[in-house]
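Here is the structure we will look at.
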Amino acid sequence: MRFAPTILATPAPPIPAARAWAARYDGRHGPALDLTQAVPGYPPHPALLARLAEAAGDPALAGYGPIAGEPELREALAADLMRGYGGAIGAGEVAITAGCNLGFAMVTKVIAAPGDNLLIPTPWYFNHAMALTMAGVEPRPLPCRAEDGFIPDPGRAAALVDARTRAILLVTPNNPTGAIYPPEVIDAFARLARQRGLWLILDETYRDFLPEAAGAPHGLFADGEAWPDHLVHLYSFSKAYCVPGHRLGAVVAGEAFQAELAKALDTLQICPARPAQRVLAWAIEALREWRAGNRAIMDGRAAACRAALADQRLDAMGAYFAYLRLPEEAPDALAAAERLAAEQGVMTLPGPFFGPGQERHLRLAFANAEAARLGELGSRLRLD
């Protein structure tokens with residue numbers, strides 16, 4: 001009775017639970033291999049680190065900053081988005097947040113009240129579902145199938161919309177599967193959102209790791225019907241710039257949405273941490289080639305992971321993640337993940353952490369391991 005029912009209904013953080021299993025590993029197969037968390041497996045650029053150190057010592061950045069973030073960073077991100085997506089995006093349509101997770105939580109406060117629901121394709125990113133549950137908002141599963149490459153179906157989504165639905169959330173490239181949603185699928189969801197009077201929330205945390213030749217992920221910023229009245233875009237600086245500890249993300253939405261979002265920003269974060277904002281405003285343009293090089297590193301790690309798992313079923317694979325189907329003779333995902341961590345020293349996340357119907361899958365976050373280490377997976381992902 002001393003705790004809120006919504007927090008009691010929210011599951012515990014999955015990654016510490018999975019790492020706890022590895023505490024029993026005795027090292028017999030070599031150093032533990034942690035594939036639980038999506039973190040860049042290489043350091044930030046040296047010039048970025050030097051500028052961060054300088055900015056951290058600047059007394060001018062020790063005080064409160066603008067609620068929606070430093071104007072220089074908002075302008076730089078708006079320009080970067082227009083370069084990648086086309087359309088017209090102004091700095092006033094960008095808010096900087098203390099990480100993308102908090103950005104999503106604040107967006108849902110603008111959109112939904114307790115008792116409402118958001119459609120989320122499953123498998124889903126667990127922190128999205130957790131944020132909704134603790135806010136009293138239903139994360140309504142939109143099941144996706146392996147045979148479809150885990151691409152969500154707008155027709156199935158339409159059948160799930162009811163009077164309490166406030167938004168559809170898409171994550172592309174996807175966490176946990178790595179699946180990249182085709183532009184035509186994103187467009188179809190945007191049409192559905194408009195027809196039903198909903199918001200379309202696009203979490204594009206991993207957009208910097210899309211294939212260079214793929215072109216724009218979608219054309220919604222140039223679509224006068226979608227932008228700016230129905231689209232909310234989420235972004236994280238953590239992966240592309242290797243600064244997850246500095247907790248910076250962004251919400252890109254129309255100015256009417258930003259006016260309401262400012263209430264949540266002022267209440268929950270006051271302002272984002274300022275030193276990293278100053279540095280990232282410089283880094284967006286200055287480190288463009290370095291970011292492209294990191295994409296190549298991730299491509300190499302994906303290839304190493306795919307080669308090591310050639311005799312196993314990869315139901316999906318993309319930026320940062322591989323989604324592995326367990327053999328029929330293997331135990332369910334929770335038991336399999338525990339055994340792999342405790343006996344083989346390989347830490348993965350079991351499918352049930354990513355929503356209903358995922359009992360036969362494991363997520364491997366391969367980005368934080370070098371290609372040579374990923375080569376060990378062929379011999380260490382064994383349950384016999």
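- Of the charged side-chain nitrogens involved, at least one lies within less than 4.0 Å of a carboxylate oxygen, so that Asp315 and Arg313 count as a salt-bridged pair.
- Remark: Glu72 does not engage Arg278 in a salt bridge, criterion side-chain N to carboxylate O under 4.0 Å.
- No donor-acceptor distance shorter than 3.5 angstrom exists from the side chain of Asp266 to the backbone of Lys263, with no hydrogens or angles considered.
- With Gln269 contributing its side chain and Ala98 its backbone, the two residues share a donor-acceptor pair below 3.5 Å.
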request  = Would you please test Arg164 and Glu138 for salt bridge (charged side-chain N to carboxylate O under 4.0 Å, His left out) and show each step?
outcome  = CA-CA 9 Å; Arg164 300 297 291 176; Glu138 176 196 356; over 6 Å; no
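- For the pair Leu118 and Thr165, the minimum side-chain heavy-atom distance is 4.5 Å or more.
- Remark: the Gln358 side chain and the Tyr323 side chain contain an N/O donor-acceptor pair separated by less than 3.5 Å.
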task = Let me see the working for Arg360 and Asp332 under side-chain contact (heavy atoms from CB on, under 4.5 Å), right down to the final yes or no.
result = CA-CA 6 Å; Arg360 302 303 302 168; Asp332 283 350; 2.7 Å; yes
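- With values rounded to the nearest 0.5 angstrom, Glu70 atom CD is found 9.5 Å from Ile96 atom CD1.
- At a threshold of 4.0 Å, the pair Arg145-Asp153 does not count as salt-bridged, since none of the basic side-chain nitrogens sits closer than that to a carboxylate oxygen.
- When each of Asp34, Val39, Leu33 is paired with Thr36, the side chain to side chain contact (heavy atoms under 4.5 Å, CB included) condition holds for Asp34 and for no other.
- Within the 4.5 Å cutoff, the side chain of Thr133 has heavy atoms near those of the Pro139 side chain.
- Within 6.0 Å of CD on Gln312 lie more than 12 heavy atoms contributed by other residues, nucleotides or ligands.
- Hydrophobic clustering, with ILVMFWY side chains joined whenever heavy atoms are under 4.5 angstrom apart, keeps Trp124 apart from Leu202.
- We find the CD1-CZ distance between Ile284 and Arg83 to be 11.5 Å, quoted to the nearest 0.5 Å.
- Contact detail for Pro356 and Pro141: the closest heavy-atom pair is CG-CG, 3.9 Å.
- When all heavy atoms are compared, the tightest approach of Pro272 to Ile67 is CD-O, 3.9 Å.
- Under the 4.0 Å criterion applied to side-chain N and carboxylate O atoms, Arg28 and Asp26 are assigned as salt-bridge partners.
- Between Gly178 and Phe321, the closest heavy-atom pair is N-CB, 4.1 Å.
- Here the side chain of Arg196 pairs no donor or acceptor atom with the backbone of Ala167 at under 3.5 angstrom.
- No side-chain heavy atom of Leu349 sits under 4.5 Å from any side-chain heavy atom of Pro176.
- We find that Arg194 and Asp229 are not joined by a salt bridge, their nearest charged nitrogen and carboxylate oxygen being 4.0 Å or further apart.
- The distance between the ring centers of Phe354 and Tyr125 does not fall below 6.0 angstrom.
- A chain of hydrophobic side-chain contacts below 4.5 Å, direct or via other Ile, Leu, Val, Met, Phe, Trp or Tyr residues, connects Val346 to Leu309.
- Heavy-atom minimum distance, Asn294 versus Ala240: ND2-O, 3.8 Å.
- Partners of Tyr235 by side-chain hydrogen bond (donor to acceptor under 3.5 Å, both in side chains), not counting sequence neighbours, listed by chain and number: Asp208.
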request  = Begin from the C-alpha positions of Leu220 and Ile186 and carry the test side-chain contact (heavy atoms from CB on, under 4.5 Å) through to its verdict.
outcome  = CA-CA 9 Å; Leu220 298 187; Ile186 298 173; 3.7 Å; yes
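- Between Tyr181 and Phe189, the ring centre distance reaches or exceeds 6.0 Å.
- Note on Leu268: it clusters hydrophobically with Leu261, by side-chain heavy-atom contacts below 4.5 Å among ILVMFWY residues.
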request  = Give the C-alpha distance, both sets of side-chain angles, the deciding distance and a yes or no for side-chain contact (heavy atoms from CB on, under 4.5 Å) between Arg247 and Ser238.
outcome  = CA-CA 7 Å; Arg247 309 307 307 137; Ser238 296; 3.7 Å; yes
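- Remark: side-chain polar atoms of Glu359 are not paired, donor with acceptor, to backbone N or O of Ala333 under 3.5 angstrom.
- Relative ring orientation between Tyr206 and Tyr320 is described as tilted, the plane-to-plane angle lying within the 30° to 60° band.
- Ring-centre distance between Phe353 and Phe126: not below the 6.0 Å cut-off.
- Under the 4.5 Å side-chain contact rule for hydrophobic residues, Leu77 and Phe257 do not share a cluster.
- Using a 4.5 Å heavy-atom cutoff, the side chains of Tyr25 and Leu340 are not in contact.
- A salt bridge is defined here as a Lys NZ or Arg NE, NH1 or NH2 lying under 4.0 Å from an Asp or Glu carboxylate O, and Asp80 with Arg207 meets this definition.
- Listed for the Trp21 side chain is no donor-acceptor partner under 3.5 Å among the backbone atoms of Gly345.
- In terms of heavy-atom proximity, Val137 sits nearest to Ala112 at CG2-CB, 3.9 Å.
- Judged purely by distance below 3.5 Å, without hydrogens or angles, the side chains of Asn175 and Asp203 never pair a donor atom with an acceptor atom.
- A donor-acceptor pair shorter than 3.5 Å can be found between the side chains of Tyr241 and Arg291.
- Leu210 and Met298 fall into different hydrophobic clusters, where Ile, Leu, Val, Met, Phe, Trp and Tyr residues are linked whenever their side-chain heavy atoms come under 4.5 Å apart, directly or through other members.
- Arg274 places no side-chain N or O within donor-acceptor distance of the main-chain N or O of Ala62, the cut-off being under 3.5 Å.
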query = After noting the C-alpha distance and the side-chain angles of Leu35 and Leu362, does the key distance pass the side-chain contact (heavy atoms from CB on, under 4.5 Å) rule?
reply = CA-CA 10 Å; Leu35 305 179; Leu362 300 176; over 6 Å; no
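- Remark: the backbone N or O of Leu119 is not paired with any side-chain donor or acceptor of Arg140 at under 3.5 angstrom.
- The six-membered or imidazole ring of Phe221 lies near that of His233, with a centre-to-centre distance under 6.0 Å.
- By the neighbour-count criterion of 12 heavy atoms within 6.0 Å, atom CD of Glu289 is sparsely surrounded, having that number or fewer from other residues, nucleotides or ligands.
- A donor-acceptor pair under 3.5 Å is absent between the side-chain atoms of Glu260 and the main chain of Ala256, judged by distance alone.
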query = What's the verdict on side-chain hydrogen bond (donor to acceptor under 3.5 Å, both in side chains) for Arg19 and Gln37, showing C-alpha distance, side-chain angles and the deciding distance?
reply = CA-CA 10 Å; Arg19 289 176 175 171; Gln37 191 166 33; 3.3 Å; yes
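- His230 and Ala193 make their closest contact through ND1-O, 4.2 Å (heavy atoms, listed as atom of the first residue, atom of the second, distance).
- Checked for salt-bridge contact, Glu370 and Arg373 miss the test: no charged N lies under 4.0 Å from a carboxylate O.
- Seen from the ring of Trp199, Arg166 does not count as a face-on cation partner, given the 6.0 Å and 45° thresholds.
- Remark: side-chain polar atoms of Asp148 are not paired, donor with acceptor, to backbone N or O of Phe150 under 3.5 angstrom.
- Under 3.5 Å, the side chains of Asp187 and His218 contain no donor-acceptor pair of N or O atoms.
- The backbone N or O of Val252 lies less than 3.5 Å from no partner atom in the side chain of Glu93, so there is not a single donor-acceptor pair.
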